[in-house]
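First the structure, in the form of structure tokens, and then the observations on it.
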Amino acid sequence: MKKILLSLIAFLPMLALSAHPLTTSDKEETAPTAVTTTPDGENPLSAAATEMSRPPRQKNKFLPTRHRIDREINKIKFAYKGEVMLGMTASYGTLSSDDTDFMLILDNLNADGTIATIRPFVGYFYSDNHCLGFRFGYNHVSGNIDNARLDFGEINDINGDIPYIDLTSNNYSFGIFHRSYAGLDPKGRFGLFAELELAVVTGKTDFAYDSGDERHRYKSDNVQVKLAFNPGVAVYLYPNVCATLSFGLGGLQYTNVSMKDPVTGVKIGSRKASKMKFKLNIAAINIGMTVHLWNKKKE
């Protein structure tokens, strides 16, 4: 009897706890977890589990594997990061009436002309084979024609006299350029480069010609903005001295010419022109020399 009473006393607290109603906190703790479903009614957790249980996709052995092609353009270092390049390009050409082989339709010709260009520059190699720099330039053009007669032959019946013409032009240019080199030999002595230049050219031109017994003379102010592409070749003559040969292949160009009276200085006319052309310019073939400071090749 005593054992039965002790069992009832131990069982009463458990019976009271089970009969006690749940509080708000108890309900929150025992509330079922909300399940988010996708718009199509699928449980994302089950979808993720299904995706993980799937075997990995097998690559098609019949399709070729794509790999990025490394052309190894920068593998051979022609110039090193941190070098400073000092250089200059120049060109000079003349044309005279002695070159009659190219002027068969002109008789009694007395003409000559000169084109000279000099452009010093400085550049810094911000990375191997890549240079950013500044260039200053001077260009001189002069020429005149005197006592020339144009004759296309008796059959064509076209002939006439060319009056005296004289032209002198002096221009200055300021620009920035970017040059990229590519070595051709393992020692890095021979290389090619591609240069892109943005320049502003300004200067003056004197033009004179005869009309009857009177000579007319005019002056003009020239402004030109151009984006030019100048590739070339380079070779090291010494460890720090490099010879270059560059070619002008054209680009984008805008020109503004204002003509003035030489006496009064009053503007009497203007001309604006823009063009885009890519072809070899014989007048833009330049021979240059560069000096590379801080020879990184010896380090």
Side-chain angles (χ1 to χ4, degrees), residues 71-94 114-142 169-203 224-253 278-299:
R71 304 183 187 277
E72 299 184 350
I73 296 177
N74 296 321
K75 183 177 181 179
I76 301 177
K77 296 181 180 180
F78 188 85
Y80 290 72
K81 179 181 179 180
E83 289 186 355
V84 175
M85 178 176 63
L86 302 177
M88 181 177 65
T89 59
S91 63
Y92 179 80
T94 61
T114 302
I115 300 177
T117 302
I118 181 171
R119 300 194 298 171
F121 60 88
V122 58
Y124 174 75
F125 284 87
Y126 63 91
S127 65
D128 295 339
N129 293 344
H130 298 285
C131 174
L132 186 65
F134 173 79
R135 177 180 285 118
F136 167 80
Y138 169 73
N139 176 261
H140 171 78
V141 178
S142 63
S169 178
N170 294 285
N171 296 284
Y172 302 88
S173 63
F174 309 87
I176 58 175
F177 68 91
H178 182 272
R179 181 179 289 188
S180 298
Y181 286 89
L184 298 179
D185 65 312
K187 295 184 178 180
R189 293 183 177 273
F190 299 90
L192 303 176
F193 65 85
E195 180 184 285
L196 191 64
E197 178 186 17
L198 176 62
V200 177
V201 183
T202 180
Q224 185 181 84
V225 180
K226 62 180 181 179
L227 180 64
F229 178 61
N230 307 308
V233 296
V235 57
Y236 278 103
L237 303 179
Y238 301 98
N240 294 76
V241 180
C242 183
T244 62
L245 177 64
S246 61
F247 309 87
L249 294 184
L252 303 177
Q253 182 175 301
F278 292 92
K279 65 177 183 179
L280 178 62
N281 185 2
I282 299 179
I285 299 178
N286 298 296
I287 299 174
M289 190 73 66
T290 61
V291 177
H292 294 250
L293 305 182
W294 297 298
N295 184 17
K296 299 291 182 179
K297 294 184 178 181
K298 293 183 179 179
E299 297 182 3

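Only heavy atoms go into these numbers, but all of them, side chains included; no hydrogens, no water, no symmetry mates. Sequence positions, counted from 1, serve as the residue numbers for this chain.
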Mind checking whether Leu192 and Leu184 have side chains closer than 4.5 Å, heavy atoms only? yes
Can you give me the closest heavy-atom contact between Asn230 and Glu197, atom names plus distance? ND2-OE1, 3.5 Å
Would you tell me whether His140 and Asn170 have side-chain atoms, one donor and one acceptor, within less than 3.5 Å of each other? yes
Kindly check if the number of other-residue, nucleotide or ligand heavy atoms within 6.0 Å of CZ (Phe190) is above 12? no
Apply the test side-chain contact (heavy atoms from CB on, under 4.5 Å) to residues Thr290 and Phe121: give CA-CA distance (whole Å), side-chain angles for both, the deciding distance (0.1 Å), then the verdict. CA-CA 9 Å; Thr290 61; Phe121 60 88; 3.5 Å; yes
To the nearest 0.5 Å, tell me how far Ser180 OG sits from His130 NE2. 5.0 Å
Give me the atom names and distance for the closest heavy-atom approach of Ala194 to Phe229. CB-CE1, 4.0 Å
Is a donor from one side chain sitting under 3.5 angstrom from an acceptor on the other, for Ser169 and Asn171? yes
Which atom names give the shortest non-hydrogen contact between Asn286 and Arg119, and what distance separates them? ND2-NH2, 3.6 Å
CD on Glu83 to CG on Leu293, rounded to 0.5 Å: 8.5 Å
Do you know the tightest heavy-atom contact between Leu237 and Ala243? CD1-CB, 3.9 Å
Take atom OH in Tyr126; do more than 12 heavy atoms of anything else shown fall under 6.0 Å from it? yes
Could you check whether atom CG of Leu132 has more than 12 heavy atoms from other residues, nucleotides or ligands sitting under 6.0 Å from it? yes
Between Phe247 and Gly232, which heavy-atom pair has the shortest distance, and what is it? CD1-CA, 4.4 Å
Does some side-chain heavy atom of Leu245 sit less than 4.5 Å from a side-chain heavy atom of Ile285? yes
Under 4.5 Å between any side-chain heavy atoms of Met85 and Cys131, yes or no? yes
Pairwise distance SG(Cys242) to CZ(Phe193) - rounded to 0.5 angstrom: 8.5 Å
Point-to-point distance, once rounded to the nearest 0.5 Å, from CG of Leu196 to CG of Leu227: 5.0 Å
Please answer whether the main-chain N or O of Phe78 pairs with a side-chain N or O of Asn129 as donor and acceptor at a distance below 3.5 Å. yes
Nearest heavy-atom approach of Met289 to Val241 is SD-CG1, 3.7 Å
Can you confirm if the aromatic rings of Phe174 and Phe136 lie within a centre distance of less than 6.0 Å? yes
d(Arg179 CZ, Thr244 OG1) to nearest 0.5 Å is 6.0 Å
Contact check, side chains of Ser173 and Asn139, non-hydrogen atoms, under 4.5 Å: no
Does any non-hydrogen side-chain atom of Phe278 lie less than 4.5 Å from one of Leu249? no
Strictly distance-based, threshold 3.5 Å: is any side-chain N or O of Asn240 a donor or acceptor partner for the main-chain N or O of His292? yes
